[in-house]
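First comes the structure, then the notes that go with it.
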Amino acid sequence: MQFGVFTVGDVTEDPTTGRTVSEAERIKAMVAIALKAEEVGLDVFAQGEHHNPPFVPSSPTTQLGFIAAKTSKLILSTATTLITTNDPVKIAEDYAMLQHLSDGRVDLMMGRGNTGPVYPWFGQDIRNGIALAVENYALLRRLWREDVVDWEGKFRTPLQGFTSTPRPLDGVPPFVWHGSIRSPEIAEQAAYYGDGFFHNNIFWPVTHTKRMIELYRTRFEHYGHGAADQAIVGVGGQVFMRKNSQDAVREFRPYFDNAPVYGHGPSLEDFSRETPLTVGSPQQVIERTLSFREHFGDYQRQLFLMDHAGLPLKTVLEQLDILGSEVVPVLRKEFAAKRPAHVPDAPTHASLKAAAERAHDLETIEEPSV
């Protein structure tokens, strides 16, 4: 099972000091968080894609390429790649390039984002959101899997004899997760292709997240990719920890109360009860995270949001130290002990390459002799 962190890259005032970091500081803080994630033994760093204030990660592959040069083990991913408003040709080429630079340490999460105005900014209509996600991803898959593509669709100019470059590393495209909070069509899309499904459940009650994951698992089996419990599932979470839970609540409360998404709404206590947000001791985070398995089944990736709402970098790095030293080792052991042997691990470039080689060997064996 993979554990990691994701960031949305918000530039938010620290409510305890009144200071707002510059965009440059925030971008470099995200790099520092990724490096710390590898240092403390986490598996994945993922960043979002936004094209509006107060967010800064408008060019994920630029930043992930920089991080790739400074790390050696960390899987680099996205918390959303906007499949609706990005050109699939550019996605194909950018992430193949990142594959080569990182020696295969890359996957990505397709999504539609949560900012409606982004559609006209990139020449699209939000009313076509689902249709764009379906058509653009179908093209992206062909660009990665076919050396020469002839294609015509509804939302971009046709392609004739087109080859996307560079080709995927070792002929193996990056693994794709489809992220969705509320759209069953996206769960269906992930199941149809046998891709991963990621539910960023930080703002939703567990009952809703469970329904979406169950839909994906059922349809994954329907399309013949394996049993429902072999589907590739990832979930999000948000935590803030101190040795004593009272200290954690006291320190995090002003950040929660003024957060750009859920601030000035429900109380910290109500929100923690209704969503996976866990503010408390490391043991409370362990127990809450282990409980996800009861609702979602065995899953492959757990990502935590650690740097939201103006938390200073020093505090975030402290949180990562706690996560890496006290929480994740226990989670790895407990999840592994309960996982049946037939449930697959999270896909990596190495495992996908090995599977492709086995498939090729089988095809060679089955070919009739001349």
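As a basis for the values below, the full set of heavy atoms in this structure was taken, side chains included, without hydrogen atoms, waters or symmetry mates. Treat the numbers as computed from the prediction; the structure is a model and nothing was measured.
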In one Ile/Leu/Val/Met/Phe/Trp/Tyr side-chain cluster, 4.5 Å: [X], [Y]:
{"X": "Leu76", "Y": "Leu169", "answer": "no"}
{"X": "Trp177", "Y": "Ile91", "answer": "yes"}
{"X": "Tyr193", "Y": "Met212", "answer": "yes"}
{"X": "Val176", "Y": "Val89", "answer": "no"}
{"X": "Val134", "Y": "Leu215", "answer": "no"}

So, [X] and [Y], do they make that salt bridge, N to O below 4.0 Å?
{"X": "Asp43", "Y": "Arg301", "value": "no"}
{"X": "Lys314", "Y": "Glu318", "value": "yes"}
{"X": "Arg211", "Y": "Glu214", "value": "no"}
{"X": "Arg273", "Y": "Asp270", "value": "yes"}
{"X": "Arg142", "Y": "Asp150", "value": "no"}

After noting the C-alpha distance and the side-chain angles of Glu146 and Arg141, does the key distance pass the salt bridge (Lys or Arg N to Asp or Glu O under 4.0 Å) rule?
CA-CA 8 Å; Glu146 300 176 25; Arg141 283 182 63 87; over 6 Å; no
Are [X] and [Y] packed together at the side-chain level, in the sense that at least one heavy-atom pair is separated by less than 4.5 angstrom?
{"X": "Leu331", "Y": "Gln302", "answer": "no"}
{"X": "Glu38", "Y": "Ser72", "answer": "yes"}
{"X": "Asp170", "Y": "Leu352", "answer": "no"}
{"X": "Phe122", "Y": "Thr84", "answer": "no"}
{"X": "Phe197", "Y": "Ile213", "answer": "yes"}
{"X": "Val5", "Y": "Leu305", "answer": "no"}
{"X": "His178", "Y": "Phe198", "answer": "no"}
{"X": "Thr315", "Y": "Phe240", "answer": "yes"}

Using 30° and 60° as the class limits, which term best fits the ring planes of His225 and Phe220: parallel, tilted or perpendicular?
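Tilted: the ring planes of His225 and Phe220 meet at 30° to 60°.
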Any donor-acceptor N/O pair, [X] side chain to [Y] backbone, under 3.5 Å:
{"X": "Gln300", "Y": "Val233", "answer": "yes"}
{"X": "Arg105", "Y": "Val44", "answer": "no"}
{"X": "Thr278", "Y": "Pro276", "answer": "yes"}
{"X": "Glu49", "Y": "Thr78", "answer": "no"}
{"X": "Arg156", "Y": "Gly153", "answer": "no"}
{"X": "Ser351", "Y": "Pro347", "answer": "no"}
{"X": "Glu25", "Y": "Ser22", "answer": "yes"}
{"X": "Gln319", "Y": "Met241", "answer": "yes"}
{"X": "Tyr95", "Y": "Thr61", "answer": "no"}
{"X": "Arg253", "Y": "Leu268", "answer": "no"}

Is there a donor-acceptor contact under 3.5 Å linking the side chains of [X] and [Y]?
{"X": "Ser281", "Y": "Arg242", "value": "no"}
{"X": "Asp229", "Y": "His342", "value": "yes"}
{"X": "Thr163", "Y": "Asp147", "value": "no"}
{"X": "Tyr255", "Y": "Thr12", "value": "no"}
{"X": "Glu294", "Y": "Ser291", "value": "no"}
{"X": "Gln283", "Y": "Glu287", "value": "yes"}
{"X": "Tyr119", "Y": "Asn128", "value": "no"}
{"X": "Tyr223", "Y": "Glu188", "value": "yes"}

Considering all heavy atoms of both residues, which atom of His349 and which atom of Gly104 are nearest to each other, and what is their separation?
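So the minimum-distance heavy-atom pair works out to CB-O, 3.2 Å.
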Minimal non-hydrogen separation, Arg288 against Leu277, with atom names
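Minimum heavy-atom separation between Arg288 and Leu277: NH1-O, 3.1 Å.
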With side-chain contact (heavy atoms from CB on, under 4.5 Å) as the criterion, how do Leu317 and Leu320 come out once you've worked through the C-alpha distance, each side chain's angles and the decisive distance to 0.1 Å?
CA-CA 5 Å; Leu317 298 181; Leu320 289 172; 4.3 Å; yes
Quick one: do Arg26 and Asp307 satisfy salt bridge (Lys or Arg N to Asp or Glu O under 4.0 Å)? Show the steps, please.
CA-CA 10 Å; Arg26 186 66 171 103; Asp307 66 335; 3.0 Å; yes
Validation row, ring centre Phe304 to ring centre Phe6 under 6.0 Å:
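No; Phe6 has its ring centre 6.0 Å or more from that of Phe304.
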Tell me which one of Arg293, Lys338, Arg217 satisfies salt bridge (charged side-chain N to carboxylate O under 4.0 Å, His left out) with Asp298.
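Exactly one option meets the salt bridge (charged side-chain N to carboxylate O under 4.0 Å, His left out) with Asp298, and it is Arg293.
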As a quick check of understanding, evaluate ring pair (Phe, Tyr, Trp, His ring centres under 6.0 Å) for His199 and Phe296, giving each step before the final call.
CA-CA 10 Å; His199 195 286; Phe296 311 141; 7.9 Å; no
Stepwise ring pair (Phe, Tyr, Trp, His ring centres under 6.0 Å) check, Tyr299 with Phe335:
CA-CA 9 Å; Tyr299 61 106; Phe335 276 118; 5.6 Å; yes
